[in-house]
Engineer: 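Once you've had a glance at the structure underneath, I'll fire off some questions.
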Amino acid sequence: MPVTVKTFTSSHDAAAALSSDRSARYLGGGTLVMRALNEGDISISTIVRASDHAMTRIDASGSRITLGAGVTFARILAERDLAFLHGPARSIGGPAVRNMGTVGGNLFAPVPYGDFTVAMLALDAMVSVQGGLGGREIPIDEFLQSRDRQTGTLVLAISFAKPGSTDAFRYRKIARIKPKGGAVITLAAHLPLNGGRIVGARVALGSMAPTPIRARAAERALEGRALDTSTISAAAAAAVEGTSPGDNALASAWYRREIVGVHLKRLLSGQE
């Protein structure tokens, strides 16, 4: 089946093309779409591309950071102001994947991938999209809940507040093949402190549901408390609540439920 490629100079025109053709898919880095095409996905008949430079822009100069959807993980690793995101970016595949894979594409990566999105979820990111109803910003947890219904919508950028301190944001990926294997589980936490107590706790998990999810019970165990041994133990015990992991070649659902609390405890304790 022939595939048509359409390239536009503006993201607005690219979004219009996507919204008018249900068989169209946007091509960013190609690590997801080209794989689908090579595996014979006949639901895709049109590839949409955009050369809009706004989609590859990085604004990390202020307290709020914006990453264009077309920003690659290699570029993030080259940005000194994004040092706190170097761990998540480095955990994405090998050099070839990091050179091509994009922030926007990672939002759609299926289990056991999508590790960078776990980090974005912990940072309460907002996703800027353009679709048939115009442009809007969506909280990332809301975006992920409706991700499979986002056909016809173009992700433009993702933005989030920069963590106030170097240890407020934490990230950990558990993989059998290091450094580039798919995740058994992925964990990220943002723990802002005010007067020695956690305010606005966010804990995100990957490979513990069909899309990355917040560990809300663990967040409740952390909120308003000092990050001490008893608080960490309570959060770790609550980590599995609300999860629905699946089985795959990397791990069973049972194993994921068994270890998520262990690794959250290590993440919060600062253990390697």
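Worth knowing before you read on, the calculation uses all heavy atoms, side chains too, and leaves out hydrogens, waters and symmetry mates.
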Engineer: Should Val184 and Val262 be counted in the same cluster of Ile, Leu, Val, Met, Phe, Trp and Tyr side chains packed under 4.5 Å apart?
Structural biologist: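 Shared cluster, no.
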
Engineer: Mind checking the CG-OG1 spacing from Leu67 to Thr56? Nearest 0.5 Å is all I need.
Structural biologist: 11.5 Å

Engineer: Would a single hydrophobic cluster contain both Val118 and Leu268, if residues Ile, Leu, Val, Met, Phe, Trp and Tyr are joined by side-chain heavy-atom contacts under 4.5 Å?
Structural biologist: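 In one cluster with Leu268: Val118, no.
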
Engineer: My understanding is that only residues two or more places apart in sequence, or in another chain, count here; which of them pass salt bridge (charged side-chain N to carboxylate O under 4.0 Å, His left out) with Arg35?
Structural biologist: Glu39

Engineer: What distance separates Leu193 CG from Ser165 OG, expressed to the nearest 0.5 Å?
Structural biologist: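 Answer for the CG-OG pair, Leu193 versus Ser165, is 6.5 Å.
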
Engineer: Is there a path from Val260 to Trp254 through hydrophobic residues (I, L, V, M, F, W, Y) whose side chains come within less than 4.5 Å of each other?
Structural biologist: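 Result: yes, single cluster for both.
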
Engineer: Search all heavy atoms of Pro210 against all heavy atoms of Ser244 and return the closest pair with its distance.
Structural biologist: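 So the two residues come closest at CD-OG, 3.8 Å.
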
Engineer: CD/Glu223 to CZ/Arg220 distance, rounded to the nearest 0.5 angstrom?
Structural biologist: 11.0 Å

Engineer: Are there over 12 heavy-atom neighbours, none belonging to His86, within less than 6.0 Å of that residue's NE2?
Structural biologist: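 Yes, because the 6.0 Å sphere around NE2 of His86 holds more than 12 heavy atoms from other groups.
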
Engineer: Determine, step by step, whether Tyr26 and Leu18 satisfy the side-chain contact (heavy atoms from CB on, under 4.5 Å) criterion, reporting the C-alpha distance in whole Å, the side-chain angles of both residues, the deciding distance to 0.1 Å, and the verdict.
Structural biologist: CA-CA 7 Å; Tyr26 185 79; Leu18 282 174; 3.9 Å; yes

Engineer: Just wondering, do Lys162 and Arg64 contact through their side chains at under 4.5 Å, heavy atoms?
Structural biologist: no

Engineer: Quickly, which of Asp141, Leu144, Leu85 forms a side-chain contact (heavy atoms from CB on, under 4.5 Å) with Met120? Name it, please.
Structural biologist: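 With Met120 as partner, Asp141, Leu144, Leu85 yield a single side-chain contact (heavy atoms from CB on, under 4.5 Å), made by Leu85.
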
Engineer: Are Ile76 and Leu32 joined in one hydrophobic group, where the rule is that I, L, V, M, F, W and Y side chains link up if heavy atoms are under 4.5 Å apart?
Structural biologist: yes

Engineer: Side chains of Asn99 and Thr72: closer than 4.5 Å at any heavy-atom pair?
Structural biologist: no

Engineer: Could you measure the distance from the CE atom of Met208 to the CZ atom of Arg256? Nearest 0.5 Å is fine.
Structural biologist: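 Rounded to the nearest 0.5 Å, the CE-CZ separation comes to 8.0 Å.
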
Engineer: What I'd like to find out is whether the side chain of Leu222 reaches to under 4.5 Å of the side chain of Leu191, using heavy atoms alone.
Structural biologist: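 The answer is yes, as the side chains (C-beta and beyond) meet within the 4.5 Å cut-off.
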
Engineer: Do you know the tightest heavy-atom contact between Ala24 and Ala17?
Structural biologist: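 Reported closest heavy-atom pair: CB-O, 4.4 Å.
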
Engineer: Answer yes or no: does atom CG of Asp228 have more than 12 heavy-atom neighbours from other residues, nucleotides or ligands under 6.0 Å?
Structural biologist: yes

Engineer: Are Lys6 and Phe8 close enough, and set up right, to give a side-chain contact (heavy atoms from CB on, under 4.5 Å), and what steps lead you there?
Structural biologist: CA-CA 7 Å; Lys6 298 180 179 179; Phe8 301 90; 3.7 Å; yes

Engineer: Could you tell me whether the side chains of Asp59 and Thr66 share a donor-acceptor contact shorter than 3.5 Å?
Structural biologist: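 The answer is no; no qualifying pair exists.
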
Engineer: List the atom pairs, with distances to 0.1 Å, where a side-chain N or O of residues 106-114 and a protein N or O form a donor-acceptor pair under 3.5 Å, not counting sequence neighbours.
Structural biologist:
residue, atom, partner, partner atom, Å
Asn106, OD1, Phe116, N, 3.2
Asn106, OD1, Thr117, N, 2.9
Asn106, OD1, Thr117, OG1, 3.0

Engineer: To the closest 0.5 Å, what do you measure between CZ (Arg49) and OG1 (Thr9)?
Structural biologist: 13.5 Å

Engineer: Starting from the C-alpha separation in whole Å, work towards a yes-or-no answer on side-chain contact (heavy atoms from CB on, under 4.5 Å) for Glu79 and Ile58.
Structural biologist: CA-CA 9 Å; Glu79 289 283 335; Ile58 295 177; 3.9 Å; yes

Engineer: Quick check: do Glu137 and Val127 have side-chain heavy atoms less than 4.5 Å from each other?
Structural biologist: no

Engineer: Hey, are the side chains of Arg25 and Val48 touching, using non-hydrogen atoms and a 4.5 Å cut-off?
Structural biologist: no

Engineer: Mind checking what makes salt bridge (charged side-chain N to carboxylate O under 4.0 Å, His left out) contact with Arg170, not counting sequence neighbours?
Structural biologist: none

Engineer: Taking side chain as C-beta onward, heavy atoms only, is Ile158 less than 4.5 Å from Val155?
Structural biologist: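 They are not in contact (no side-chain heavy atoms under 4.5 Å apart), so the answer is no.
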
Engineer: Check for a donor-acceptor pair, side chain of Thr231 on one end and backbone N or O of Leu227 on the other, with a separation under 3.5 Å.
Structural biologist: no

Engineer: Run the numbers on Phe84 and Thr166 for side-chain contact (heavy atoms from CB on, under 4.5 Å), then give the verdict.
Structural biologist: CA-CA 7 Å; Phe84 66 99; Thr166 56; over 6 Å; no

Engineer: Taking the side chain as everything from C-beta on, heavy atoms only, tell me whether Thr243 gets closer than 4.5 Å to Leu205.
Structural biologist: yes

Engineer: Is there a chain of hydrophobic side chains (I, L, V, M, F, W, Y, each step under 4.5 Å between heavy atoms) that links Met100 to Leu77?
Structural biologist: no

Engineer: Donor-acceptor pair, distance only, cut-off 3.5 Å: does the side chain of Lys173 make one with the backbone of Gly181?
Structural biologist: yes

Engineer: Could you grab the distance from atom CD of Glu258 to atom NE2 of His263, nearest 0.5 Å is fine?
Structural biologist: 11.5 Å

Engineer: Can you confirm whether His190 sits close enough to Asp124 that some side-chain heavy atom of one is under 4.5 Å from a side-chain heavy atom of the other?
Structural biologist: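 The answer is no; the side chains never approach within 4.5 Å.
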
Engineer: Identify the heavy atoms of Pro192 and Gly200 that sit nearest to each other, and give their distance.
Structural biologist: CD-O, 3.7 Å

Engineer: Minimum heavy-atom separation for Met55 to Ser11, with atom names?
Structural biologist: SD-CB, 3.8 Å

Engineer: Can you name the nearest heavy-atom pair linking Ala183 to Leu250, along with the distance?
Structural biologist: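 In this case the closest contact between Ala183 and Leu250 is O-CD1, 3.6 Å.
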
Engineer: Measure from the side-chain N and O atoms of Arg202 to the backbone N and O of Ala189, and report whether any donor-acceptor pair falls under 3.5 Å.
Structural biologist: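 Here the side-chain-to-backbone pair does not exist.
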
Engineer: Ignoring hydrogens, what is the shortest heavy-atom contact between Ile44 and Ala36? Give both atom names and the distance.
Structural biologist: CD1-CB, 4.2 Å

Engineer: Tell me yes or no: between the side chains of Asp52 and Ser10, is some donor less than 3.5 Å from an acceptor?
Structural biologist: no

Engineer: Salt bridge check, Glu241 against Arg257: does any charged N sit closer than 4.0 Å to a carboxylate O?
Structural biologist: no

